[in-house]
K.L.:
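Dropping the structure in here first, questions after.
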Amino acid sequence: MVSTPAKARPWTPGDRPPGPSALDGAGPLLWSVRPWDQDPSAFSLPVVLDEEEQRRCAAFRRPQDRAMYMASHTALRVLLGGVLELPPTRVTMVRLACPGCGALHGRPAVAGPAGERVHFSLSHTDGLAVVALAARPVGVDVERPPSERTTADVAKSLHPSEQAELARMAAPDRPAAFARCWTRKEAYLKGTGEGLAGEALGGTYLGTGPSPAAPPAGWALTDVEVPAGFTAACAVAV
């Protein structure tokens, strides 16, 4: 378990992407993306998204949601392209088999043999995205702390010990603690490919405190330092 938070470095379109050796002997590399800190045209020219990504981007009703999707998926393609030594438009991604049912809706991955040495995860919420690259399976999640009411409703899906920890806190302290727990849980489940629909959401204890609890064997887990108002975590296979 990693005891100190990792830091997501800000990404902008003009940044030099990582090279093919960036993941050699390194832990996960993390970037944060906030599109409205930049000139919007920087995220739309050139367009590097494939046809399916462009279709999904156009389907968002709110302009800020389209900007978030465009920025985060552009960043992902540029960063992967640097490590793979490919133009961003030539990066091909697939879905792996779900470990629960075998259907092809599991963890996203780089297509072909390159997917064995370069792994990635992307998470975005209202106003911020985080991208993770690693030499092993990786999962990342970022969220805004929810309202007290949402915390009370969704906390029922957590591990019984996590529910008990939240119940002992003063109500105003629960959303931040819940967000810590939820991002840890989702990062781990994105890394394994299980997703939130499986039993691990309520069956795996990762804690609500300032530092994550020890993750299941074979995984490392860390909180991620992101801008104020957001909470993030990253899990990587070891």
Side-chain angles (χ1 to χ4, degrees), residues 1-8 27-28 30 95-103 105-108 119 121-130 132 134 136-238:
M1 178 180 68
V2 180
S3 58
T4 56
K7 186 170 184 178
L30 298 152
R95 283 277 184 177
L96 301 180
C98 169
C101 68
H105 57 221
R107 184 167 52 86
H119 302 262
S121 184
L122 166 65
S123 177
H124 50 78
T125 188
D126 186 15
L128 186 73
V130 178
R136 295 176 180 269
V138 63
V140 71
D141 187 53
V142 61
E143 306 283 348
R144 286 186 181 271
S147 66
E148 290 183 25
R149 181 175 180 179
T150 298
T151 296
D153 290 340
V154 184
K156 300 170 185 176
S157 63
L158 299 178
H159 188 280
S161 295
E162 293 162 345
Q163 295 183 47
E165 290 172 4
L166 291 172
R168 290 192 294 268
M169 298 178 188
D173 296 332
R174 291 172 189 163
F178 171 84
R180 289 193 296 264
C181 181
W182 187 267
T183 54
R184 295 164 187 168
K185 198 80 61 108
E186 188 159 355
Y188 167 66
L189 294 175
K190 288 172 74 172
T192 64
E194 296 174 73
L196 297 175
E199 297 180 357
L201 177 61
T204 303
Y205 173 76
L206 296 177
T208 65
S211 296
W219 288 85
L221 177 65
T222 180
D223 293 334
V224 177
E225 184 179 331
V226 288
F230 300 92
T231 304
C234 180
V236 63
V238 296

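Residues take their numbers from the sequence shown, with the count starting at 1.
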K.L.:
Specify the closest pair of heavy atoms between Ala233 and Ala187, including all atoms of both residues, with the distance to one decimal.
P.N.:
O-CB, 3.5 Å

K.L.:
State, with a plain yes or no, whether a side-chain heavy atom of Val138 is found less than 4.5 Å away from one of Cys234.
P.N.:
yes

K.L.:
Please name the pair of heavy atoms, one in Glu165 and one in Gly209, separated by the smallest distance, quoted to 0.1 Å.
P.N.:
OE1-N, 4.4 Å

K.L.:
Report the distance from atom OG of Ser211 to atom CZ of Arg184, rounding to the nearest 0.5 Å.
P.N.:
7.0 Å

K.L.:
Walk me through whether Thr183 and Glu143 qualify under side-chain hydrogen bond (donor to acceptor under 3.5 Å, both in side chains).
P.N.:
CA-CA 7 Å; Thr183 54; Glu143 306 283 348; over 6 Å; no

K.L.:
Between Lys185 and Glu162, does any NZ, NE, NH1 or NH2 come within less than 4.0 Å of an OD or OE carboxylate oxygen?
P.N.:
yes

K.L.:
How long is the straight-line distance from CG of Leu158 back to CZ of Phe178, given to the nearest 0.5 Å?
P.N.:
5.5 Å

K.L.:
Taking atom NZ of Lys156 and atom OG1 of Thr151, what is their separation to the nearest 0.5 Å?
P.N.:
12.0 Å

K.L.:
Decide yes or no for Phe230 and Pro145: does some side-chain heavy atom of the first lie under 4.5 Å from some side-chain heavy atom of the second?
P.N.:
no

K.L.:
Restricting to non-hydrogen atoms, name the atom on Leu166 and the atom on Arg174 that form the minimum distance, rounded to 0.1 Å.
P.N.:
O-NE, 2.9 Å

K.L.:
Any side-chain heavy atom of Pro28 sitting closer than 4.5 Å to one from Val236?
P.N.:
yes

K.L.:
Between the main-chain N or O of Val140 and the side-chain N or O of Ser121, is there a donor-acceptor pair closer than 3.5 Å?
P.N.:
yes

K.L.:
Quick one, Thr208 and Met169 - any side-chain contact, counting heavy atoms below 4.5 Å?
P.N.:
yes

K.L.:
Check this for me, if you would: do Arg180 and Asp223 make a salt bridge, where the nitrogen-to-carboxylate-oxygen distance has to be below 4.0 angstrom?
P.N.:
no

K.L.:
Short question: side chain of Arg95, backbone of Gly106 - any donor-acceptor pair under 3.5 Å?
P.N.:
yes

K.L.:
Find out whether Trp182 and Thr231 are in side-chain contact, i.e. whether some heavy atom of one side chain is under 4.5 Å from a heavy atom of the other.
P.N.:
no

K.L.:
At what distance, to the nearest 0.5 angstrom, does OG1 of Thr204 lie from CG of Leu189?
P.N.:
6.5 Å

K.L.:
Taking C-beta and beyond as the side chain, do Lys190 and Ser123 meet within less than 4.5 Å on heavy atoms?
P.N.:
yes

K.L.:
Quick one: pull up CG in Asp173 and CD in Glu148 and give me the separation to the nearest 0.5 Å.
P.N.:
9.0 Å

K.L.:
Within this structure, what is the OH-CG distance for the pair Tyr188 and Leu221, rounded to the nearest 0.5 Å?
P.N.:
10.0 Å

